[in-house]
Each structure stands twice: as C-alpha cells, then as structure tokens.
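Have a look at the structure below, then the notes.
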Amino acid sequence: MALDVLKVTIERGPDAAAAQQSFDVPAYENQTVLDVVSWVQQNADPTLSYRFACRVGMCGSCAMMVNGVPRWTCRTHISKVLDGNAVTIGPLRNLPVIKDLAVDMDPFFDKWVEAEGVHHGALTRDDPIAPVDETTVERTTANTGIECINCSVCYAACDTVTANKDYLGPAALQRAWTLLNDAKDEGRASILDAVSGKGGCHTCHSMGSCTAYCPNDLDPMSAIAGLKRETARSFFRRGRS
Amino acid sequence: MKAAKGITSRAHPLWLAYILHRLSGLALAVFLPLHFWVLAMAVTDPERLDGFLRLTESGVVKLAEFGLVFLLTVHMFGGLRLMALEWLPWSASQKTLAVGATTASFLIAVLFFMRAI
Amino acid sequence: MALTDIDRHDTDILIIGAGGAGLFAALHAQQTAPEGTKITIAVKGLIGKCGCTRMVQGGYNVALGGGDTVERHFMDTIQGGKWLPNQDMAWRLCEQAVVRIRELENEVGCFFDRNPDGTLHQKAFAGQTADRTVHKGDLTGIEIINRLMEKVLASGVEKLQEHRAVGLIPTKDGASLAGVLMIDMRTGRFRLVRAKTVLMATGGGPTMYKYHTPSGDKTMDGLAMALRAGLSLRDMEMVQFHPTGLLAGEHTRMTGTVLEEGLRGAGGQLISHSGKRFMFDYDGKGERATRDVVSRGIYAEMRKNNNPEQEGVFISMSHLGPENVAKKFKGMVKRCADSGFDLAGGKVEVVPTAHYFMGGVVVDVDTRTAMEGLYVAGEDAGGAHGSNRLGGNGVANSTVYGGIAGDTMGADIRGMTLRDPDETVLEAELARAIYPLSCKPDLVLPLRKQLQDLMWEEVGVMRTKAGMKRGLTGIAEVSGALMDVGVASDNLAFNLTWHDWLNLRSLCDVSEVIAKAGIARENSRGAHFREDFPEPGAMEDSEFTVARMDGGEVEVTREAVQFSIVWPGETVLPADAPETLVAAE
Amino acid sequence: MKELRLYMAQRITALIMAPFVIGHLAVMIYAIQGGLSAAEILGRTQGSVLWFLFYGTFVVVVSIHGAIGLRVAASEWAGVKGVALEVFMWAVGLCLFYLGAQAVWAVTFAAGVGP
Ligand SMILES: Cc1cc2nc3c(=O)[nH]c(=O)nc-3n(C[C@H](O)[C@H](O)[C@H](O)COP(=O)(O)OP(=O)(O)OC[C@H]3O[C@@H](n4cnc5c(N)ncnc54)[C@H](O)[C@@H]3O)c2cc1C
Ligand code: HEM
Ligand code: SF4
Ligand code: F3S
Ligand code: FES
C-alpha cells in the first residue's frame, strides 16, 4: 500500500453522534475496516467499544457505518473505502447505540420473530426427513434468501426503517418470504397475517437500498415484493369467498 | 467532516426512483386542489378563469405547466413501475425498467411541451 | 468494587454459551422441564451470533442408511480418535446424531442439500468410510444456528446477552454449584446468577495459537473456570490443527481463518516455496490425507524454508480451471478476493491453524460433571473424540450433547432447589476479575502475541519435551507479566480491553494445562505428535490424560481407556463389511 | 389488516387512474393547441354525462389515492401518528373530494357561460 498512515475518524459515545475522534492508524497490507478499528482499541484508545466474532463474514456482528455506508467490516478491505487516506466510522444506523460502535441488535431480532421468522413444522424428530425436490420454483426461491447472516446491514440502509419505528425491515420480511416458499413450513396463514399487519411488507417502498448493500448479494427487496404479491392475491381470494 | 451516520450513498437508481415518486406524489397533491379551484371558477367567475388561462401563454406559466405534466407522468410511470415490480413475477431487469419509465415520461412531457409551443 | 456491588439474579436453568450446545439445551430443557421453569441463556456475545457452530462449513456427520450404519460411524470415530475416545460417549454421539438431524430438519426447520431424488445429500470428509456428512452448501453452520436462534428467540427464554461468565461459585461444602459470577459487559457491572442447574457450553477454542480459526469470543473461559472449580479435564494435549488457514499477515484478524477442506478434496495442490508439490513426500494420499497428517506435512515444509518473508506454503487451485473453481467454491473465492487474494486463478498462502479442542471437562454420557448442578456439553466437554475429531463430528457433538444436557437438566431439576454460594469463593472470583483495574494501564496485545507465538512454536503441530518445557517457562512469564498490566477503570461499559485481559488470563491458564498434558503423553496419537516419541504405543494400553488443579498447581495423571464397546483390533461391524463405502476418486 | 387494505386501495386507485391520466393528457395536448379558453373547455364538457363520469370517477379515485399517499408521507416524514394520522387522512381525502367535485360539477352541469 502506498499510504503509510490512515486518518480514521470514529464516532464515539452512546448519545453523541457529534463526538468524533480522530486517530492516526498505521496502514498495513491486507487490512480490513475491522482491523483498523481493532488497532485503535488495542493500541491507541483502550476504551473504544465495537463488536465482532467470526471475523470472516459469517456471524454478522461487525457491521458499522463506513463513510456513511453500512458494511460488514471484517470483510471490507480498507482500500475499498478510503477517501484519500481518510475514513469515518460510526455505529450502525437505525439501531440504539450501546457505546461507540456497538449497537443493540434486539429490535432487529424482535422484529424477525414478529414477522413469524421461525419454522412452523408439523413433523417431529420421529418422522423421516421429507424428500424435497430442489429444482422446484418454490425451493429455488427459498434458497435465494437462506444465506442471510442477519448482519442488519440492510436494516441500516433502509430509510423506511428510519421513518417508521414499526417497520419489520428487509431481513425479517425476507425470512418470512423464505418460509412461505418452504414446502416444510406449515405457517402460511400466520406468516401472511404477520406481514400484512402494522409495519408489514406493505410499508416497504421498494427503495432497494437493502438489496444494494447486502454484503451477501441477497435480494430482500424482491422477497418483499413477493410478499406483497402473495398478500394481494390472498386479499382478492378472501374478497371473493 | 461528514457524519458517518447519515447514509451518503443513496445514489442508486432504485432509491432515486423512490424519492422521485414520493416528491412528485406530494407535489401533485399540492397542485391538484389548486387545479380544481381554478376549474371551479368556471361557474363562479368565468372571466377570471379566462384571465388565468391567458396566463398560460406566458413562458413562466408554461414552464410550470410543463413541470406539472412532467410530475404527473413521472409519478404515473413510477407507480406503474412499482406495481409491475411488486405484482408481476419479478425479473432482474427492474432497474432498466425504472430508468425506462423515467425516460418515457420525460419524452411524453417534452412532446407535450413542443406541441404546446 | 465490593460484594455489595454485585447484582443478584435467580433462575432455574442457566445455560452459558449460545452455540449448538447451548441453544439445543435451551430447546430441550423447555420440552422436558416442569411447567413454569425459568430458563436463562447467558452468552458472551449475541444469541446465535457468536461461537463456532455458526462457522461450520463442511457439515454434520450422521449415518442415515444407504449402507452406512451407526456402527460404521462409531468405528470411524474410534479409529479416528486413535482408540482414546470414551466409547460410550462416542456411541451415543453417533446414535443420537440420527435423531438430532431429523429434529433439525423437521422441528427446527433447517434445510440441508438434497440429492436429485429428494433425499439428503451426503459426502465424505477425510477419515470416513461412508458418504456421511450432511450439509447446506459450505455454510452449514449458518443454517443450523440461524434456525436454532429463531426457535430460541421465539420461545421466550430469558436472555442475558453480552454477559461473560467469569467464575463458577460452588456451595460452602464445595460439592455443588450454587451459581455463576458474570460481568454484564454492556454496563461493566457484576451479576451473580444462581440456578438449580447450570450448563457450561462455552465451546473451548484454542485461540492461544498464533494461527487459529475459532470465533474471537472464544478464549477457553469455560475450561479455565472448571479448572479453578476443581473439576477434572481430560485429553488436554489434544489440539486439532486445520491444515489450511489463510495467511494474510500479522495485522489482520483474517489470518488463521479456514480455507475449507473441500479445496483439497477437489484436487487443490499444496506447493512449497520452492514451487514443489510436497504432500506425497509425507503420505500416499497426498493432499487428501487426514488433517493431522497434512498439517504436519505443511509444518515440516515451513521449517525447511528459511525465508522470513514467506512463512507458509501455497494452495493452488488454478489447474482445475479458474472459472470452475470460482463456481464450485464461490464463497471461498469471494472471501479470498475480499482480502486481496485470487484463489481461483492464483495461489494463496496458507498455514496450519488451531481449529478445535478435543480436550475438555470429564463428564458422564448424560453431560453431568462431578459437581452437582453443573453440566458440560459441546466443545467444552472431553471424551467423545479422543485424540482427533473427524470433520463433521464437531457440530454433531455439540447439538447431540446440548440436547441431552437440556433433557437431563429438565429432569434433574425436579429434585433440586437453589443453593447458597460460598461467599469467600465469590469474593475471590470477583477480586480476580477486577484485579487489572487496580494496576497501571498498559497494552494487553503484545502479551497475547507473545503467548500465541510461544504456543505455536513450542506446543504446536510437532512437540518435544524440551520444547514444551520451554513453553511452560514462557507461559509462566506471560502469565506473570499480565499481572502487571492494568486496565483503566474509569469506564467499564463495553470495555473490550478489560475483556482482552480476562481472555488472556483464561488462555494462559489453559495453555499451561495443554503443555503439561502434552509432556505427560509420551507417545504420538492423532493430533498430538511428539518428535521425541513418534510411535503411537500399544492401543490396548491406551491411556488418556487427566488434569486437575490441586492446591494451586496443575497435576496431570493418566487413566486407562475403558474399551467398553470394542477392543483395539476388533470391530462392531459385521465380518463381511467392506473397508470403505466411499467410491475411490 | 388495515395496512393491507390501504395498500390495496392505493394500488387499485392507481391502476384506475392510469388510463384516466393518459386520456386527460391526450385531450390536453390536443386542446392546448391554439390556446385554452374557458369557453372552449366548457364547450367540450358542458352537459356531457360521459365527461361527468370520466372526471367524476377520477376525482373519487384521486381523493382516495392522494389521501392514503399523504398519510404515508405524513407519518414517515412528519411523525404524525395515531388518531391525528387518521384525522389527517380523512381531512385530505374529503378536502380533495370536495374541491374536485366542485370542479367537475362546474365544468359539466352547473350553469355557466352558454355554448
Ligand atoms: C471455522 C470452523 C469450521 C468448522 N467446521 C466444522 C464442520 O464443518 N463440521 C463440524 O462438525 N464442526 C466444525 N467446526 C467445529 C464446530 O464448530 C464446533 O465443534 C462446535 O460448533 C462447538 O459448538 P459449541 O456449542 O460447543 O460451541 P460454540 O458454538 O463455539 O459456542 C460457544 C458459545 O459460548 C460462548 N462463550 C464463550 N465464553 C463464554 C463466557 N465466558 N461466558 C459466556 N459465554 C461464553 C460463546 O460466545 C458462544 O456463544 C468448525 C469450527 C470452526 C471454527
Ligand atoms: C396514474 C396515476 C398514478 C399512479 C399510477 C400512482 C401510483 C402510485 C403508487 C403505486 C403509489 C405508492 C407508492 C409507495 O407506496 O411507495 C403512489 C403514491 C402516492 N401518490 Fe400516486 N399515483 C398516481 C397519481 C397520483 C396523483 C394524481 C396524486 C395526487 C394527489 C398522487 C399522489 C400520491 C402520493 C402523495 C403518494 C405517496 C407517495 C409515497 O408514499 O411515496 N398520485 N402513487
Ligand atoms: S439480507 Fe443481507 S444485509 Fe440483510 S441481514 Fe441478511 S445478510 Fe445482512
Ligand atoms: S431498502 Fe427498505 S423500503 Fe423496502 S426495498 Fe428495501 S426494505
Ligand atoms: S465478524 Fe462475523 S461477520 Fe464480521
């Protein structure tokens, strides 16, 4: 790397988004944003708080705002985000800040559950495993959303989440859509109910920031569109009967 | 220094389409009552309506009219795009669609503008 | 900080850790415990988002017919473990995995990859004699943990997230467990949680090595606590190295993370600095040999090289066709690309990396420990794997025994009441945790690095008595130096540096046990390789090591393995069973 | 379920409006040539049941559509919540309808300048 010092600005505190602090961080090869943040905590300011676990993009606990963009920091090479030699790092948007770069992710998961994002099964451990044809449209659709690591990047990217406290958000709705397409799931009615209520799929304006920023290239926007389609269909059906 | 908190990179086509749709919708909602009010003059005060209509000859008002038609077309195509995206089984070409819709609406508006002159 | 500053909190069943073991225990405890039982999960990170179960790539071993049997899975496990496993535990693992996988698919809602006919797709990891590993692409752990996490979050258990367990607090007589002292990491306050039963499922995690794969939250806290509580730990010398960890330099947390096994299985080649494909010098199976063999091969090559710029060896895939590789190993290629390496077309520098810890607390087949009220499951428990864990047996072990722990606790709890903690132990544990707050602040990181280098060099892939002795001296030095490193106490909320200190404390304590157990085993089995004792010794005389803290000193003894199901040289398979069911490639 | 009903109402009204808007625009493009006058407008629409139905439906539909649309914007951008939000939506809807109805009535059936 040509640079040898990075100018890193970090937003501090639970309450003061304005409290920014700058650090000079030595540049190294193969440095990720998480490495930069870690360097600051390990060498310059031991009180800096942030969260990570797997360090390879599997656990979804390290997301932060990097130059105003939500990203998984352990898999974001610093060179990708540098503005000159500067970078500004803040806590993930749309979630309450615990301290510095660590946010409280509970609202995100509460909504996941609220969206009925949990398997509704009829079979038990005493039944054989049901054969599934992986080539059906339903299964292919379900598979497209299955690798979500619940990192909340999409949740942070979405302005509708900011604007509407009740909005379940892209990841939770995508999970509901996956279940709706899962042949093993028996919760169709309750899922449709959950996503048609307050803050459900109809709150989404298809602004697509979720899909644009998902680090795993998932497409919550289309999943939500699927839910809209499905709920509209059942609306007409109910109307007729 | 820029705050890291606000999203600074909203500039992707779908977000722009969204904001355009909302702003045009809001603008229409403001314009429509005005439009109705003007038309209602037809009963109460035809002279004033004519006076108002004469104003459309002037460039400024023309531009405003152009803007309104633009809003209406932009909003309509944007809305149709949304409904296509949500209800028609989804295809990856929605971004092209978004851009296409805006372009089409722009063209119609221009067509209107040209013929009006 | 005084005892009076400790929040006190009661529950019925406390589960520490939220990996496969912890989450399964929560679900099963809910199913078996009497109505109204309060269940609490306390975890160092967020529920479902920390630990290693989430990082499982390859998959889950389970014998589901098609020629494969529980007996065959069992024999592979015993032979893989070089006759050291506790056979009853290994048997239960293989037998219950069948139930657990159905539970995962049918009740928890996981989806595993299918064959064209709709049945589960299974493949074979190295060391297996049947296509046995169930998986979801190469991100199996995400599917398992996400589904478990949803179930648990929806079930309404009490959550104590970002709560770090720092000490097991027994009753006055020391026979039973009264509760667990924790730090609420978000506020920095202490909390004593009393429970009738406690499951420890903190997942081991050999992160005291320079190169390691596990999640950053895992630092052997559980085993260090168990050691202090006087429990016996077995097989502590058994550290599994994964042969291909990414080598990306000292300044990135990416270094050490796993490049998946499948790369070698698919034909990936290991190349030395001199450009030579070397694995066939060490084993007839080349790159496809078992993890321990390949790790030693790479380690030996690394030693031969004395170019300080280039520590590791290279894995090269390009001869398989870059497009092909990019398609087949999409996730891996993308991950490498993110950190600046071209896996599909170029070559990536790799190094053996500490992956899994076979050693752990001595438990019975129902996860009970010697201390009433304390249960241990998952990677924290020793015995099921012996000297080596087969790929795919790790997550099977944590989910199977996590479930068993939940069932056992749910049943045992009926006859139990809350117990009073020994306040002197409580005070000592508190003092231990706040110790650094009264010392002069300094950096923790250099000491962690020192320990990691030391363990890698002296107690790593290949060991000698002299090396391990040096290791012990070095560990004592780091350990002592750590006691002079302080942490500023003005803001304890989410104070990662304080936790770094505590992490290193646990790592030092357990490192010492690893080195001592390593010295005690004077032969080479599975993951433990002694250059001064390269022979495995007679299988019939197999012994496992048991470490205990005795008056502040770690003592290691040896106990004879009980061949309760099968004797070395014998098999539980029918006489005409083929050696392997895996088609040769 | 209210969310779903509002959503459906907005989409259905939008679908109905699309041909109306296109129709209206087409007429305007045609009519605007050579300038507009009250007489010209009225000449076309006065006494016509068809135009009454055309613009009448449009007004009903746009009132619903606009009211729901402003409801969303008000709640998201201005933080209007609860009863206030419902009151706001109905007020907008009724207001649009009142003004619109007046206009339609004016250009079709009300007495004004003769043909
Ligand atoms: C990269 C990688 C790939 C792997 N691939 C496979 C594979 O393909 N197949 C396979 O079978 N196995 C695999 N394994 C091994 C497998 O992941 C583990 O054996 C298994 O998941 C361990 O489960 P566990 O529940 O015991 O622990 P974990 O899942 O690691 O969970 C431990 C939990 O304890 C918590 N904890 C730790 N310390 C404390 C404390 N002091 N207080 C409170 N909570 C604490 C942690 O935060 C975490 O929640 C892999 C491991 C890694 C690292
Ligand atoms: C053919 C004509 C129209 C179509 C197809 C249409 C379509 C739509 C659609 C689909 C939405 C929902 C957007 C969302 O949920 O994100 C919407 C919103 C809206 N519409 Fe229309 N509309 C049309 C005409 C009008 C008119 C004439 C008005 C003027 C009152 C209007 C005002 C609004 C407003 C204020 C919104 C809310 C904006 C938002 O939520 O972002 N629309 N329109
Ligand atoms: S959909 Fe993508 S961005 Fe959203 S939580 Fe899942 S992985 Fe993260
Ligand atoms: S960004 Fe938000 S508005 Fe919808 S399409 Fe994605 S959830
Ligand atoms: S640390 Fe797990 S995704 Fe970044």
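Owing to the predicted nature of the structure, the values given are computational and were not obtained by experimental measurement. The chains referred to below are lettered A, B, ... by the order of the sequence lines, with proteins before strands, and numbering in each begins at 1.
C:Q122 and C:N115 share no donor-acceptor pair across their side chains, judged by distance under 3.5 Å alone. Side chains of C:N146 and C:R54: a donor-acceptor N/O pair is present below 3.5 angstrom, by distance only. Side chains of C:S155 and C:Q30: a donor on one and an acceptor on the other come within 3.5 Å. Between the side chains of C:Y60 and C:E143, no donor N or O sits under 3.5 Å from an acceptor N or O. A side-chain N or O of A:R12 and one of A:T47 form a donor-acceptor pair less than 3.5 Å apart. Defined by atom type and a distance below 3.5 Å, a donor-acceptor pair is present between the side-chain atoms of A:Q41 and C:T497.
Most heavy-atom pairs under 4.5 Å with chain A, from the set C:P116, C:C50, C:A248, C:G340: that is C:A248. Chain C forms more heavy-atom pairs under 4.5 Å with one residue of A:D126, A:I149, A:I129, A:V113 than with any other, namely A:I129. Ranked by heavy-atom pairs under 4.5 Å with chain A, the list C:V258, C:V98, C:L139 is led by C:L139. Taking chain C as the reference chain and counting heavy-atom pairs below 4.5 Å, the highest number among A:Q42, A:R55, A:M105 is found for A:R55. Ranked by heavy-atom pairs under 4.5 Å with chain C, the list A:C74, A:C54, A:G57 is led by A:C54. Among C:L153, C:D117, C:L246, the residue making the largest number of heavy-atom pairs under 4.5 Å with chain A is C:L153. The choice from C:N495, C:T213, C:I47 that makes the most heavy-atom pairs within less than 4.5 Å of chain A is C:T213. Between chain C and the residues A:T32, A:V36, A:N43, the most heavy-atom pairs under 4.5 angstrom are made by A:N43. Of the listed residues (A:A122, A:G60, A:C151, A:P26), the greatest number of heavy-atom pairs within a distance under 4.5 Å of chain C belongs to A:G60. The greatest number of non-hydrogen atom pairs below 4.5 Å with chain A, out of C:K44, C:K151, C:K218, is found for C:K151. The most heavy-atom pairs under 4.5 Å with chain C, out of A:S49, A:A130, A:A102, A:S38, come from A:S49.
Residue C:T255 touches chain A through its backbone alone, counting heavy-atom pairs closer than 4.5 Å. At a 4.5 Å heavy-atom cutoff, C:C52 makes no contact with chain A through either its backbone or its side chain. With a threshold of 4.5 angstrom between heavy atoms, C:I142 approaches chain A through side-chain atoms but not through N, CA, C or O. C:V152 does not touch chain A: none of its heavy atoms, backbone or side chain, sits under 4.5 Å away. Only the side chain of C:L445 comes within contact range of chain A, with heavy atoms under 4.5 Å apart. In this structure, the portion of C:L120 lying under 4.5 Å from any heavy atom of chain A is its side chain and not its backbone. C:R253 touches chain A through backbone and side chain together, each having a heavy atom under 4.5 Å away. Both the backbone and the side chain of C:F111 come within contact range of chain A, with heavy atoms under 4.5 Å apart. Only the side chain of A:D104 comes within contact range of chain C, with at least one heavy atom under 4.5 Å from a heavy atom of that chain. Contact of C:V444 with chain A is not made at all, since no heavy-atom distance falls under 4.5 Å.
Looking only at distances, no side-chain donor or acceptor of A:K80 sits under 3.5 Å from a matching main-chain atom of C:D338. Judged by distance alone, with hydrogens and angles left aside, the side-chain atoms of A:N216 form no donor-acceptor pair with the main-chain N or O of A:C148 at under 3.5 Å. Within the 3.5 Å criterion, the main-chain N or O of A:L179 finds no donor-acceptor partner in the side chain of A:D182. With hydrogens and angles disregarded, no donor-acceptor distance shorter than 3.5 Å links the side chain of C:R102 to the backbone of A:T124.
Ring orientation note: the planes of A:F109 and A:W112 are tilted relative to one another, at an angle of 30° to 60°. Relative ring orientation between C:H251 and A:Y28 is described as parallel, the plane-to-plane angle staying below 30° on a 0-90° scale split at 30° and 60°.
For A:E147, the CD atom is loosely surrounded, since the number of other residues' heavy atoms within 6.0 Å does not exceed 12.
Between C:H121 and C:H135, the ring centre distance stays below 6.0 Å.
Note on A:D24 versus A:K7: salt bridge recorded, some NZ/NE/NH1/NH2 to OD/OE distance being below 4.0 Å. Using a 4.0 Å cut-off between charged side-chain N and carboxylate O, C:K449 and C:E250 make a salt bridge. The pair A:E114-A:K111 does not count as a salt bridge, with every side-chain nitrogen at least 4.0 angstrom from each carboxylate oxygen. Ionic pairing of C:R189 and C:D184 is not present here: no N-O contact between side-chain nitrogen and carboxylate oxygen is shorter than 4.0 angstrom.
Between A:I98 and C:F494 the shortest heavy-atom distance is CG2-CD1, 3.9 Å.
Scanning residues 157-164 of chain C against chain A with a 4.5 Å heavy-atom cutoff picks out C:K159, C:Q161, C:E162, ordered by number. Residues of residues 133-144 of chain A lying under 4.5 angstrom from chain C, judged on non-hydrogen atoms, are A:E134, A:R139, A:N143 by number. Along residues 485-493 of chain C, the residues that come nearer than 4.5 angstrom to chain A, judged on non-hydrogen atoms, are C:N491, C:A493 in order of number.
With rounding to the nearest 0.5 Å, the separation of CD in C:E349 from OG1 in C:T244 is 13.0 Å.
Sequence neighbours left out, the pairs with a member in residues 103-114 of chain C that pass salt bridge (charged side-chain N to carboxylate O under 4.0 Å, His left out) are A:R125-C:E103, A:R125-C:E107, A:K184-C:E105, C:R100-C:E103, C:E105-C:R114, C:D113-C:K136.
Considering only heavy atoms from C-beta on, C:Q57 comes within 4.5 Å of C:M332 through its side chain.
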Task: Stepwise side chain to side chain donor-acceptor pair (under 3.5 Å) check, C:T353 with C:H242 - done: CA-CA 5 Å; C:T353 175; C:H242 193 292; over 6 Å; no
